[in-house]
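Note sheet for the following structure.
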Amino acid sequence: MVGRVSRSAAALGALAVLGSAAGCGGPVAAGRSGELTVWLTVDAQESWPDLVSEVDDRFRRTHPTAHVTVQYQQWTSKNQKLDAALAGRQVPDVVEMGNSETTNYVVNGAFAPVDPARFDHSGEWLGALRNACRNAGKTYCVPYYAGPRIGIYRTDLLHQVGVDHAPRSYPELRADLDRLKRKFGAADRNFSAFYMPGRYWYAAMAFVKDAGGEIAVRRDGRWQGSLSSAASVRGLAAWKDLLDAYYVGDRSKDNGDEPAVVGQGRVGMFYGTTWEARAATDSRSGGSPQLRGKFATFAFPGPSGGLLPPFLGGSTLAVPAKSAHRDLAQDWIRLFTDRTSQRRLIAADALPNNTAQLREVAAGGIGGPAARAAGRGWMTPLAPGWGAVEKSQVLQEMLQDIATGKRSVAAAAQAADRRIDAVINEN
C-alpha cells in the first residue's frame, strides 16, 4: 500500500531535520532513558510476534530505564495516521514503511537520516530496499525484510497430468498449464489452470520488466511514463496472452483475495508470495485446510528465457525527523534488523534484508525459489510523485482495460503514460 505525506507535515519534518543533527552519530550509550513508540504493521504481530518480544528484551538489557511500546498498524490506514501524526507534535519514534511508499516521505524531509555503519550487513542490503531509503547521498531508513513473488502450484494436480516437478522454463510452464487446462478445465468451466485477475499489477509489471520495459523513466531531470514503449507493450501483450489462455474469472478484480480463491480448489497454479501459499490452506484467510501439503513453489520463468523479474516487495524502518528519541530509535532498529533477527525472519519464511543471508535460506524449502528470484527483484520508480500514481490506480485501470478488451494494449498504455506524466513529478 502507498500513502502520501501532506505538504505541511513534510515541511515540519524538514524543519526538524535542520534543527538537529542527532541520529547520525556513532553507537548509542547504554542506559539511555525514554519512552519509545514503535509502529509496526500487523504482519509482525501475525507472523513473528516472538521476534518482537525478543528484541524488546534485548533492548531493555542495554537500556533498562527506557520503555518500548509497540503499536500494530493496518496497511490500509497506516499512512493516513502517520500523516496526521507528522502534522502534530506527538510522533512515533520508529515506523514501518513499504519500500514502494518511502520515497515521497524521504524527499519531503519527514524522516531523520540514519548511519548505515551502525547496522549489520548494510553494505549488502538488497538494492530494492536500500535504494528506497537513499536520497542525495544520505540514508533515511533501514531495510527490514523482503518478499518477492514466485510461482505456486498444486503438486497433486500436476501429478495427475503426469508431471512430477515444477516448470523450469517458460515453454515448459505453458505445456504444464495446457495439460491442467485440458484435464480439469474440460470438466469444470470455473477451473483456472493459472490464476491471473485483470488488475494484478505486480504480476503484469513483472512481464514488462522481463521484456526490457519500464513503468516510468527519468529523462532530463524529470520522470515520465514509459508503458507505451515498444518493450513495455511487448511485455503487456505477453501478460495478456497468458491471462487469455489460462485464466477463467473476473477480469475486473485484483489479487487481494487470492489465497481464498485458490483455497476453493479450482486453481492449478498462481503467482504470489510464500505466505499466500500457506494462507491458501488456512481457514482464517478463506483457504482450505484440506489443501495442506499440496502446494509447492518455484522461481517463475519469464518469456524472455530467464526468471521473471519479481516486484521485490518489502518493508523498511524509519525514524521520523520530529522524534525526541532518534538515537534510541536507531538502536531498537539495529537490534530488530541485525543478523540474529534476520535469521528469525528466515525461519518465518520471509527473506532477509541482505544478499549475504539469502544463502541461509534453504534451497529446498518454500522460501528457496523466492531467494533465487530476489536476485532479479525490482521496485517501483523512485519518483517523488509515485505515491500519487499508485493512489490514482492508473496501472490497475490500464490493465483492466487491456484484460477486458476495452482498449488495445498500445492504446491503454498510451493513456496510462499520460496520466502518469501528470502527477509523477509532484511531491
Side-chain angles (χ1 to χ4, degrees), residues 1-2 4 98-104 127-128 131-132 148-149 170 196-245 247 251-256 271 300 302-313 376-427:
M1 310 293 177
V2 171
R4 197 175 182 196
N99 61 329
S100 68
E101 65 189 8
T102 58
T103 299
N104 197 48
N131 294 342
R149 282 162 173 78
Y170 197 69
M196 181 56 66
R199 293 170 68 94
Y200 191 177
W201 72 270
Y202 292 119
M205 294 305 106
F207 281 82
V208 168
K209 287 283 188 176
D210 182 68
E214 297 287 348
I215 302 171
V217 295
R218 190 176 186 183
R219 293 193 180 99
D220 300 323
R222 289 185 62 80
W223 287 88
Q224 61 186 63
S226 186
L227 291 166
S228 60
S229 71
S232 294
V233 167
R234 187 165 60 250
L236 288 169
W239 167 80
K240 184 176 187 295
D241 181 61
L242 195 68
L243 181 152
D244 286 343
Y247 173 62
R251 297 187 176 214
S252 62
K253 63 177 292 187
D254 62 21
N255 63 308
Y271 184 68
F300 201 91
S304 296
L307 296 182
L308 190 74
F311 170 73
L312 192 62
R376 297 207 69 198
W378 55 273
M379 66 167 295
T380 50
L382 297 172
W386 179 252
V389 174
E390 280 204 33
K391 189 175 182 179
S392 71
Q393 300 219 342
V394 58
L395 298 180
Q396 293 92 324
E397 291 171 11
M398 173 193 72
L399 295 173
Q400 181 174 330
D401 285 349
I402 293 171
T404 59
K406 182 178 180 180
R407 287 179 171 174
S408 68
V409 172
Q414 289 169 359
D417 278 348
R418 289 192 293 270
R419 292 179 62 189
I420 290 172
D421 291 348
V423 297
I424 195 168
N425 291 292
E426 296 178 3
N427 57 44

About how many Å separate CG of Asp210 and CZ of Arg376, when rounded to the nearest 0.5 Å?
6.0 Å
Pairs of donor and acceptor atoms involving the side chains of residues 399-416, under 3.5 Å and at least two apart or interchain, shall be tabulated with distances.
unit_1	atom_1	unit_2	atom_2	d
Gln400	OE1	Arg199	NH1	2.7
Thr404	OG1	Gln400	O	2.7
Ser408	OG	Ala411	N	3.1

Ignoring hydrogens, what is the shortest heavy-atom contact between Pro310 and Arg149? Give both atom names and the distance.
CB-O, 3.4 Å
Could you tell me how the ring of Phe300 sits relative to the ring of Phe207: parallel (under 30°), tilted (30 to 60°) or perpendicular (over 60°)?
perpendicular
What's the separation between atom CG in Leu395 and atom CD1 in Ile420, rounded to the nearest 0.5 Å?
5.5 Å
Atom CD of Gln393 and atom NZ of Lys391: how far apart are they, to the nearest 0.5 Å?
11.0 Å
For Ile424 and Ala216, work out which heavy atoms get closest and say how close.
CD1-CB, 3.7 Å
Value for CG (Asp254) from CD (Gln396), rounded to nearest 0.5 Å, stands at 7.5 Å
I'd like a table of donor-acceptor pairs (distance under 3.5 Å, sequence neighbours excluded) in which one partner is a side-chain atom from residues 218-225, with atom names and distances.
none

Heavy-atom closest pair (Val423 atom, Val389 atom, distance to 0.1 Å) is CG2-CG2, 3.8 Å
Side chain to side chain donor-acceptor pair (under 3.5 Å) contacts in which one or both residues fall within residues 232-244, not counting sequence neighbours:
Arg174-Asp241, Ser229-Ser232, Lys240-Asp244, Asp244-Arg251
Quick check: closest heavy atoms across Pro303 and Leu308, and the distance to 0.1 Å?
CD-CD1, 4.2 Å
When every non-hydrogen atom of Ser392 is compared with those of Glu397, the smallest separation belongs to O-OE2, 3.7 Å
Which atom names give the shortest non-hydrogen contact between Leu243 and Gly198, and what distance separates them?
CD1-CA, 4.1 Å
With distance as the sole test, does Tyr202 use its side chain to make a donor-acceptor pair with the main-chain N or O of Gly313 at under 3.5 Å?
no
Would you call the rings of Phe311 and Trp378 parallel, tilted or perpendicular, where under 30° means parallel and over 60° means perpendicular?
perpendicular
Separation between CG (Leu382) and OG1 (Thr102), nearest 0.5 Å, reads 7.5 Å
Heavy atoms, side chains only, cut-off 4.5 Å: are Thr380 and Glu390 in contact?
yes
